[in-house]
Enquirer: 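Pasting a structure here, questions to come.
Convention: sequence-line order gives letters A, B, ...; per-chain numbering from 1. Just so you know, these numbers come straight off a predicted model, no measurement behind them.
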Amino acid sequence: MTTYDADGITLERVREYVWEIPREGGMNAPARVLASERLLDEISQDRTLQQLRNAAHLPGVAKYALCMPDGHQGYGFPVGGVAGIDAEGGCISPGAIGYDINCGVRMMKTNLDYDDVRGREEELVESLFANVPSGLGGGGVVETDVDTVEEILARGMDWALEAGYAAEADLAHCEDEGYRPEADPSKVSAKAKDRGKNQVGSLGSGNHFLEVQRVTDVFREDVADAFGLRENQIVVLIHCGSRGLGHQVCTDYLRDIEKAHAGLLDRLPDKELAAAPAGSQLAEDYYGAMCAAINFAWVNRQLIMHRTRRVFERLFDRSWEEMDMQLLYDVAHNIGKREVHEVPVDAEGRPTGVDEAVDHDKRELFVHRKGATRAFPAGRPELPPAYGDVGQPILIPGSMGAGSYVLRGGENSIAETFGSTAHGAGRLMSRTQAKQEYWGEDVMDDLRDTHEVYVKAQSGATVAEEAPGVYKNVDEVVRVSDALGIGDKVARTFPVCNIKG
DNA sequence: ATGTCC
């Protein structure tokens with residue numbers, strides 16, 4: 001058997017690009033890493049593998065805990081981690097969903113070509129930067145009150161439609177139609193709502209951005225046609241989350257769960273994995289609050305897209321409808337969701353690790369995707385009609401120097417990964433290390449001079465933190481996803497201009 | 001990711 005040794009953790013090679021940490025000790029299931037050896041070399045440099053092994057200790061983990069090809073260490077649970085956990089006898093863990101609840105990305109199409117924007121990049125980047133709120137702290141497209149925040153939390157994209165910031169088609173092209181009906185705004189703290197009220201329609205900071213891109217390659221012509229993508233087309237990618245509101249929801253519930261379920265926590269290898277048992281009051285309350293923060297993030301991205309349409313209308317002197325600025329899709333990167341999957345079950349019929357299975361059956365799970373994208377294939381009823389025959393669009397932001405990818409949900413994703421794939425290139429180094437290696441102005445000069453990419457940011461430090469060199473090779477991440485049949489390559493894009501916090 | 005410690 002081929003094995004891979006990584007500082008105390010031995011992985012067994014199951015087949016090409018599939019590595020397994022066998023079940024041992026307190027693990028409730030094995031763990032799997034989906035990666036090439038080259039990516040595994042990078043993944044094993046930080047605490048990702050330990051965190052993945054720890055995640056397999058969560059009660060009710062079904063089949064195996066997973067790490068996607070872009071995985072790196074996060075708070076308690078890897079970014080790029082996926083766990084399907086029994087929604088009846090298992091648990092829900094905020095750290096396995098992430099602080100930035102429904103951090104995600106959407107792509108808006110246009111009927112413009114690269115030639116239409118060439119020579120006007122600086123005008124475009126200045127206008128976007130002036131009109132789309134970004135950076136740490138407050139300031140959004142809408143600055144509102146707690147009552148309106150509660151409406152947004154309860155109704156998601158439906159609020160944006162009624163308030164005149166969205167078209168019907170925008171709702172249809174979001175995961176879950178931009179609305180989680182289980183949202184319970186009464187379970188979101190006053191402090192979280194207060195942080196959110198002046199951040200509706202704001203990018204934030206860190207790796208969040210708005211990028212105008214051009215399509216450079218099409219790999220699957222039939223799928224690209226169904227998605228409405230073609231070479232040289234201008235598209236806009238928006239990456240951001242639920243800002244201070246979602247962060248506060250995570251903070252609030254981590255604190256409460258640690259206290260109320262200390263017994264469960266004592267049996268876990270890492271305090272950061274704090275989890276609420278399925279069926280407990282805190283599990284229900286956190287789920288309702290998390291769904292509300294998910295709704296908030298969809299509205300956030302919608303308002304940024306709405307403002308982007310206005311900027312394009314002024315610059316190109318046409319209506320957004322005339323420029324066919326339609327939403328391709330909005331995908332969540334950091335969410336937990338009740339989904340039914342076929343899983344191994346034990347003699348009592350409870351979801352279990354793949355080794356202990358006496359049977360397989362459909363069970364409701366809390367699917368935790370943290371830095372991972374849903375990747376449902378053709379035929380799934382959750383997909384919008386336009387994508388029902390080809391699979392859902394998956395958006396994989398790369399870096400400012402490498403470009404990004406559009407994939408489609410692969411045939412094997414349901415069986416292999418609870419219907420999931422990677423969410424980006426994945427960091428290679430910490431933000432602190434990035435700021436030691438790079439200087440923002442130099443990164444911007446280099447991108448402009450060598451790639452004709454125009455960047456404008458609130459802070460030079462943010463540009464240094466997001467320099468192309470801090471990311472893994474996105475081509476390699478996508479190659480593995482495609483080879484495993486969990487997310488198939490459809491098209492590639494390259495930046496034209498980028499604004500960030 | 002994040003009013004990067006109430």
Side-chain angles (χ1 to χ4, degrees), chain A residues 46-48 51 70-81 93-106 133-140 143 146 149 188-210 238-256 258-259 271-272 289-290 293-294 296-298 300-301 304 331-336 368-373 397 399 423-436 457-466 470-471 499-501:
Chain A
D46 59 24
R47 297 194 64 249
T48 309
Q51 291 186 335
D70 55 335
H72 60 91
Q73 81 176 51
Y75 179 87
F77 186 95
V79 176
S93 173
I97 288 166
Y99 269 93
D100 191 5
I101 297 166
N102 193 8
C103 173
V105 55
R106 63 168 56 188
S134 66
L136 281 171
E143 305 206 3
V146 168
V149 169
V188 176
S189 69
K191 190 174 179 182
K193 289 168 188 167
D194 189 62
R195 287 181 70 173
K197 70 187 185 197
N198 62 351
Q199 297 185 328
V200 190
S202 64
L203 275 177
S205 185
N207 65 354
H208 290 164
F209 63 81
L210 182 154
I238 297 166
H239 178 208
C240 61
S242 51
R243 302 295 326 279
L245 183 141
H247 192 275
Q248 191 65 47
V249 167
C250 186
T251 303
D252 290 341
Y253 280 95
L254 273 173
R255 187 199 55 214
D256 291 352
E258 282 169 18
K259 208 181 297 172
K271 178 174 169 289
E272 296 181 353
M290 179 198 61
I294 287 173
F296 183 90
W298 276 318
N300 189 28
R301 289 196 283 279
I304 291 168
V331 295
H333 283 167
N334 280 11
I335 52 103
H368 296 65
R369 294 190 185 93
K370 179 185 182 182
T373 313
S399 75
H423 84 306
R427 292 194 80 87
L428 272 177
M429 65 178 83
S430 70
R431 296 179 200 285
T432 314
Q433 192 188 343
K435 280 181 281 197
Q436 288 159 1
Q458 298 283 355
S459 152
T462 306
V463 180
E465 288 170 11
E466 296 302 313
V470 314
Y471 282 102
I499 65 164
K500 57 175 75 267

Enquirer: Heavy atoms under 4.0 Å, any strand shown: does A:Gly241 hit a base, just sugar-phosphate, or nothing?
Expert: nothing

Enquirer: Starting from C1' on B:dT2, measure out to CD on A:Gln458 and report it in whole angstrom.
Expert: 16 Å

Enquirer: Could you state the CG-P distance from A:Asn198 to B:dT2, rounded to the nearest angstrom?
Expert: 13 Å

Enquirer: Please report the distance, rounded to the nearest Å, between NE2 in A:His208 and P in B:dT2.
Expert: 5 Å

Enquirer: Over 60° means perpendicular and under 30° means parallel, so classify the ring planes of A:Phe77 and A:His368, tilted if in between.
Expert: tilted

Enquirer: Specify the separation, in whole Å, of atom CD of A:Gln248 and atom P of B:dC6.
Expert: 9 Å

Enquirer: Please give, in whole Å, the distance from B:dC5 P to A:Leu254 CG?
Expert: 15 Å

Enquirer: Select base, sugar-phosphate, or nothing to describe what A:Ser205 touches, counting heavy atoms under 4.0 Å on all strands.
Expert: sugar-phosphate

Enquirer: Between A:Glu143 and A:Gly140 (side chain of the first, backbone of the second, donor and acceptor by atom type, cut-off under 3.5 Å), is there such a pair?
Expert: yes

Enquirer: Rounded to the nearest Å, what distance is computed from the NE2 atom of residue A:His247 to the P atom of nucleotide B:dC6?
Expert: 10 Å

Enquirer: Look only at the side chain of A:Gln51 and the backbone of A:Gly74, and say whether a donor-acceptor pair between them is shorter than 3.5 Å.
Expert: yes

Enquirer: When all nucleic acid strands are considered with a 4.0 Å heavy-atom cut-off, which category describes A:Glu465: base, sugar-phosphate, or nothing?
Expert: nothing

Enquirer: Of all heavy-atom pairs between A:Ile304 and A:Cys240, which one has the smallest distance, and what is that distance?
Expert: CD1-SG, 3.6 Å

Enquirer: Report the distance from atom CZ of A:Arg255 to atom C1' of B:dT2, rounded to the nearest whole Å.
Expert: 16 Å

Enquirer: Can you tell me the distance, in whole Å, between the NZ atom of A:Lys500 and the P atom of B:dT2?
Expert: 12 Å

